[in-house]
Amino acid sequence: MVYQTITLGGTASDAVVGKVAHGLMNMTWTPSPVPDEQCFESIKAGVDALPSGTKGILNASEFYAPDFGTANLELLSRFFNRYPEYAEKTFLCIKGAGHPNIGVDSSLEGLRKSVDKCQKALGLIKKFDLFEPARIDRKLSIEQIMENLVILLKEGKFSHIGLSECSADTLRRANTVYPVTAVEIEVSPFEYGDNQKKVIATATELGIAITAYSPLGHGFLTGQIKSPADLPEGDNRTHLTRFKEEHFKNNMALVDDLVAIAAKKGITAAQLCIAWVCSLGPKMIPLPGSSKSTRTLENLAGGDVELNEEELKAINEAIGKHEITGDRYFGVDDHETGYLWG
């Protein structure tokens, strides 16, 4: 099977990439790191399935590890050392300049330190294509942040600029300084509020791609997690209030509806959610995570699913009638300065 493609925005508007990106967070931000070979096969499966000349988007980070270290990038370094031919087949997005317990530093010095740290961990074979501050640094104006990023871009540190978890106004102001290639925000049937709708509308107007992380609600929306007890000990999701016993049953009601709609169409709930995210705009790129090749291919297939008007209506009605309870992250819901997950 050959999967559909899409183009990015901004300075990468000619870059043809897979319609579904690949998030690598859970390969290393886990109590039990996934074996290299399993991770490598998962990455290769997603890239190999794409048409010739199409790049697979890989999304990694400076701090995706239990100790908030560079294990995620070190894994990628081992991958590219083993398979150097995949350097040209992938479009690598790196999130940095932040620490989950400290915050974001988008000063020129902070950004430079982060970028250099990331490249050192990644190694010499692959230079990352896009860099994005993990969150918006409220100590600086977005104009100053963009000017700092442009300085590093012109120094050849990376080729494209992205933003993560920003508002529509912030995105518009940033784009007046320098073209933004992609904006990363959380979008799923669990997370489709006013901020998401405004950012999607603004990005669509400006021709900016949207990498929609956690389109499966951290796995909740797949229907595979039946109770909080299904989460492994030490799993980060055990800290998320939406997975707590007092919210789980309520939130599962939406999942049950989505599972039923997916079954009627003959696809998985994960594919239904990915297809729904794709339907929200012309440059929507779902960004699910996967550490298994079978799951990677299942996610890719979701990008090829076409939902008709009746199916979209059923999904939107299900989303509308269920009020999701529990915070996004540990009691923090601010989209620009919230907890550095995703």
Side-chain angles (χ1 to χ4, degrees), residues 1-3 5 8 12 15-96 114-132 134 156-160 162 182 184 211 213 219 232 236 285-301 303 342:
M1 182 173 182
V2 178
Y3 297 99
T5 63
L8 292 168
V16 180
V17 296
K19 197 172 181 180
V20 178
H22 192 171
L24 310 183
M25 181 179 78
N26 287 328
M27 291 182 176
T28 53
W29 203 348
T30 172
S32 303
V34 183
D36 276 6
E37 289 303 322
Q38 181 178 323
C39 294
F40 295 172
E41 290 307 309
S42 179
I43 294 170
K44 288 169 58 185
V47 177
D48 292 344
L50 297 173
S52 177
T54 302
K55 295 190 176 186
I57 297 180
L58 302 180
N59 187 280
S61 170
E62 176 184 356
F63 53 80
Y64 282 168
D67 62 354
F68 309 129
T70 56
N72 205 234
L73 298 175
E74 292 164 23
L75 171 74
L76 275 174
S77 177
R78 296 192 296 274
F79 172 77
F80 288 118
N81 274 307
R82 177 83 63 86
Y83 304 105
E85 66 273 21
Y86 281 81
E88 291 300 315
K89 296 179 180 181
T90 52
F91 188 98
L92 180 57
C93 302
I94 299 294
K95 187 186 297 87
S114 174
V115 168
D116 288 346
K117 178 182 177 182
C118 290
Q119 191 62 65
K120 181 179 179 181
L122 185 61
L124 300 176
I125 293 175
K126 176 67 177 178
K127 181 178 133 181
F128 43 93
D129 299 279
L130 178 147
F131 183 81
E132 60 185 62
K157 301 285 188 182
F158 46 84
S159 301
H160 309 285
E184 184 178 337
T211 45
Y213 79 88
N236 277 315
I285 304 174
L287 174 55
S290 167
S291 57
K292 294 181 180 179
S293 59
T294 52
R295 190 71 70 194
T296 300
L297 295 176
E298 177 187 344
N299 292 340
L300 276 180

Taking every non-hydrogen atom, the tightest pair across [X] and [Y]:
{"X": "A49", "Y": "L300", "result": "CB-CD1, 3.9 Å"}
{"X": "M27", "Y": "T30", "result": "O-CG2, 4.0 Å"}
{"X": "A134", "Y": "F63", "result": "CB-CE2, 3.8 Å"}
{"X": "L92", "Y": "A60", "result": "CD1-CB, 4.4 Å"}

For [X], check side-chain hydrogen bond (donor to acceptor under 3.5 Å, both in side chains) against everything at least two apart and list the hits.
{"X": "E298", "result": "T268, R295"}
{"X": "K19", "result": "Q4"}
{"X": "E37", "result": "R82"}
{"X": "T28", "result": "N72"}

Would a line drawn from the ring center of F158 to the ring center of F131 be shorter than 6.0 Å? yes
How would you list all residue pairs meeting salt bridge (Lys or Arg N to Asp or Glu O under 4.0 Å) that involve [range], not counting sequence neighbours?
{"range": "residues 59-75", "value": "E62-K117"}
{"range": "residues 51-61", "value": "none"}
{"range": "residues 39-50", "value": "E41-K44"}

Applying ring pair (Phe, Tyr, Trp, His ring centres under 6.0 Å), name anything that partners F80, two or more places apart in sequence or on another chain. none
Contacts of F128 that satisfy ring pair (Phe, Tyr, Trp, His ring centres under 6.0 Å) - sequence neighbours left out: none
Do [X] and [Y] have side-chain heavy atoms sitting under 4.5 Å apart?
{"X": "L287", "Y": "V20", "value": "no"}
{"X": "T54", "Y": "P51", "value": "yes"}
{"X": "T5", "Y": "L50", "value": "no"}
{"X": "L24", "Y": "L75", "value": "no"}
{"X": "N26", "Y": "S291", "value": "no"}

Between CG on residue D36 and CZ on residue R78, distance to nearest 0.5 Å: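 Here the rounded value is 4.0 Å.
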Got a second to check how far C118's SG is from K157's NZ, nearest 0.5 Å?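 It is 11.5 Å, given to the nearest 0.5 Å.
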Derivation and outcome, side-chain contact (heavy atoms from CB on, under 4.5 Å), residues T90 and K126: CA-CA 9 Å; T90 52; K126 176 67 177 178; 3.7 Å; yes
From CA spacing to verdict: side-chain contact (heavy atoms from CB on, under 4.5 Å), N81, I125: CA-CA 7 Å; N81 274 307; I125 293 175; 3.2 Å; yes
With sequence neighbours left out, write down each residue that passes side-chain contact (heavy atoms from CB on, under 4.5 Å) with C93, or none if nothing qualifies.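 Partners of C93 under the side-chain contact (heavy atoms from CB on, under 4.5 Å) test: I57, N59, F91, L130.
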Could you tell me which residues satisfy side-chain contact (heavy atoms from CB on, under 4.5 Å) with S293, sequence neighbours excluded, listed by chain and number?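 Counting only residues at least two positions away or on another chain, S293 forms a side-chain contact (heavy atoms from CB on, under 4.5 Å) with A45.
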Judged by atom type as modelled, is there a donor-acceptor pair below 3.5 Å linking the side chain of H22 to the main-chain atoms of P288?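 The answer is no, because no donor-acceptor pair under 3.5 Å joins these two groups.
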Should we say atom NZ of K120 is surrounded by more than 12 heavy atoms from elsewhere, each under 6.0 Å from it? no
Answer yes or no: are there more than 12 heavy-atom neighbours, outside E88 itself, under 6.0 Å from its atom CD? no
Would you please say whether a donor-acceptor pair under 3.5 Å links the side chains of T296 and S42? yes
Do K95 and Y64 have side-chain atoms, one donor and one acceptor, less than 3.5 Å apart? yes
The criterion is salt bridge (Lys or Arg N to Asp or Glu O under 4.0 Å); which residues satisfy it with K89, sequence neighbours excluded? none
For I94 and L73, run side-chain contact (heavy atoms from CB on, under 4.5 Å): C-alpha distance rounded to whole Å, both residues' side-chain angles, the deciding distance at 0.1 Å, then the answer. CA-CA 9 Å; I94 299 294; L73 298 175; 3.3 Å; yes
Evaluate F79 against I43 for side-chain contact (heavy atoms from CB on, under 4.5 Å), listing each step before the verdict. CA-CA 9 Å; F79 172 77; I43 294 170; 3.6 Å; yes
